[in-house]
Protein chains: 2
Amino acid sequence: MARKPGSRSDITGPRIRAAARHLFARHGFAAVSMRQIAAEVGVQAGALYLYTPDKETMLVDLLRDHMDELIAAWDAAEPSADPVERLEAFVRFHIAFNLDHAEAVFLSYMELRNLGPENFAVIEGLRRDYENRLEAILRAGQDAGHFAVPDTKLATLAIIAMLNGVNTWYREGGRLGRAAIGDIYWDMARKAVAA
Amino acid sequence: MARKPGSRSDITGPRIRAAARHLFARHGFAAVSMRQIAAEVGVQAGALYLYTPDKETMLVDLLRDHMDELIAAWDAAEPSADPVERLEAFVRFHIAFNLDHAEAVFLSYMELRNLGPENFAVIEGLRRDYENRLEAILRAGQDAGHFAVPDTKLATLAIIAMLNGVNTWYREGGRLGRAAIGDIYWDMARKAVAA
DNA sequence: AGAGTATCTGAACGCCCGTTCAATACAATC
DNA sequence: GATTGTATTGAACGGGCGTTCAGATACTCT
């Protein structure tokens, strides 16, 4: 046997990425073998190397694509210029996006330590880019007198950490729907930075 | 060679636990081999099995001991009966304890997925015990009219997630000392749940 | 129909894994 | 100083790891 009927790289490629993302998120990067990923896709391990030079590159590509998508989605949202409304939009956006990309979010926070220094720096830089967008909102609101935070950078990190927490407990079909969760977290975030 | 000079189980045991905690936190449970842990301690891999039946038990013992210590430390603190003062004490306690046990905290959040179902349930139960202590504070403050949270359980999880965030960026000798960090997070937490 | 290219297999490479265990050197006790 | 119990080695077990590559099959284009 060799090439399989119906095989096409633009089908197999995404399937490999999805399988890797799923398995890495579920069991951890180090605990998942190339053979397991291949089995999930239905190919032999050797075939993976048509799509990635090595295992670590597979991970860093997943992380970078996720961070790029996150930043692009927020930039595309283009909410109101008012800092308070912007903050509300950010809170709701962040929760919704993270719930829609739970596996990639999990990976982005858990598997950074499996990256070499240069790959680590790339992902860390993208994360900072995203954080800076929230920090700019807080600073603008502070300057306009709507917010009063003791430390802008810490408030940024505190809000993001708080919002990220949703992913650890949210289950589809649970007590609260996504809209209700957005309402609740917006209430807490708003008050936390209120003047 | 066999038994080594000066060898005693009450010395080697803690050294093995410390090495495992350190290496698991740094590289991840699955990425660390028994031989690496043994090398860090200065023994052969086989010697580890005098101290643990297997690798997973090593991890779950670390996690359970950490959670037990966390809960015992908070219960020993016995702060004021006033909900607002209790919440302030909790915020400062949680940050301080987590910074003092950064590796174990990291493990407790990252490596649960490497546990079998029964071990997972044990650690998850201890975590819930701890969360319930904060939830009780919030409920008491709510009943007394000092707090106004839209959802007590979510407020509990939101505050803990926010406080846990400190561990991801804190570095010894950084811009802010621990006391200042406690002040800043207490300010935000207080306002987030304020009536 | 035939050539060329894209896709995948299957076997192999050297290496490391978690775990077991008989042998053995030291410590503790008397 | 002899004896008993404790702590450890070092080798071995079967198996899985990431990665490479020659060969084989399926599509695509002319």
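A quick note: this is a predicted structure, and the numbers were derived from the prediction, not measured. We name chains A, B, ... by the order of the sequence lines, and we start the count at 1 in each one.
By the side chain to side chain contact (heavy atoms under 4.5 Å, CB included) test, B:L176 is found to be paired with A:D151, A:L154, B:A180, B:I181, B:I184, residues two or more places apart in sequence or in another chain being considered. With sequence neighbours left out, B:Y130 forms a ring-ring contact (aromatic ring centres under 6.0 Å, His included) with B:F90, B:H94.
In this structure, CG of A:L48 is placed 12 Å from C1' of C:dT9, rounded to the nearest angstrom. Atom-to-atom, CZ of A:R35 to C1' of D:dT20 comes out at 12 Å; the value is rounded to the nearest Å. Summarising the geometry, the separation between CZ on A:R3 and P on C:dC8 is reported as 7 Å, rounded to the nearest angstrom. Taking atom OH on B:Y49 and atom P on C:dC17, their separation rounds to 11 Å, with Å as the unit. Rounded to an integer number of Å, the gap from CD of B:Q44 to P of C:dC17 is 13 Å.
Between D:dT9 and B:K4, a contact under 4.0 Å exists linking OP1 or OP2 to a side-chain N or O.
Two residues are said to be in side-chain contact when any heavy atoms from C-beta on lie closer than 4.5 Å; B:E172 and B:Y170 meet this criterion.
Without hydrogens or angle criteria, A:R178 side chain to A:R92 main chain gives no donor-acceptor distance under 3.5 Å. A donor-acceptor pair under 3.5 Å is absent between the side-chain atoms of A:E111 and the main chain of A:L59, judged by distance alone.
Within residues 6-33 of chain B, the residues having any heavy atom under 4.0 Å from DNA chain D are, by residue number, B:S7, B:S9, B:T12. For the contact set between residues 50-63 of chain B and DNA chain D, defined by any heavy atom under 4.0 Å, the members are B:L50, B:Y51.
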Check against salt bridge (charged side-chain N to carboxylate O under 4.0 Å, His left out), A:D187 and A:K191: CA-CA 6 Å; A:D187 178 76; A:K191 283 155 62 183; 3.5 Å; yes
Taking only distance into account, with no hydrogens and no angle test, what donor-acceptor pairs under 3.5 Å do side-chain atoms of residues 135-144 of chain A form with protein atoms, sequence neighbours excluded?
from: A:E135; atom 1: OE2; to: A:R139; atom 2: NH2; distance (Å): 2.8
from: A:Q142; atom 1: OE1; to: A:V149; atom 2: N; distance (Å): 3.0

What pairs of donor and acceptor atoms, side-chain ones from residues 37-52 of chain B against any protein atom, are under 3.5 angstrom apart with sequence neighbours left out?
from: B:T52; atom 1: OG1; to: B:D54; atom 2: O; distance (Å): 2.9
from: B:T52; atom 1: OG1; to: B:M58; atom 2: N; distance (Å): 3.4

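Nearer the 5' end of DNA chain C, as judged by each residue's closest nucleotide, is the contact made by B:Q36, out of B:Q36 and B:P5.
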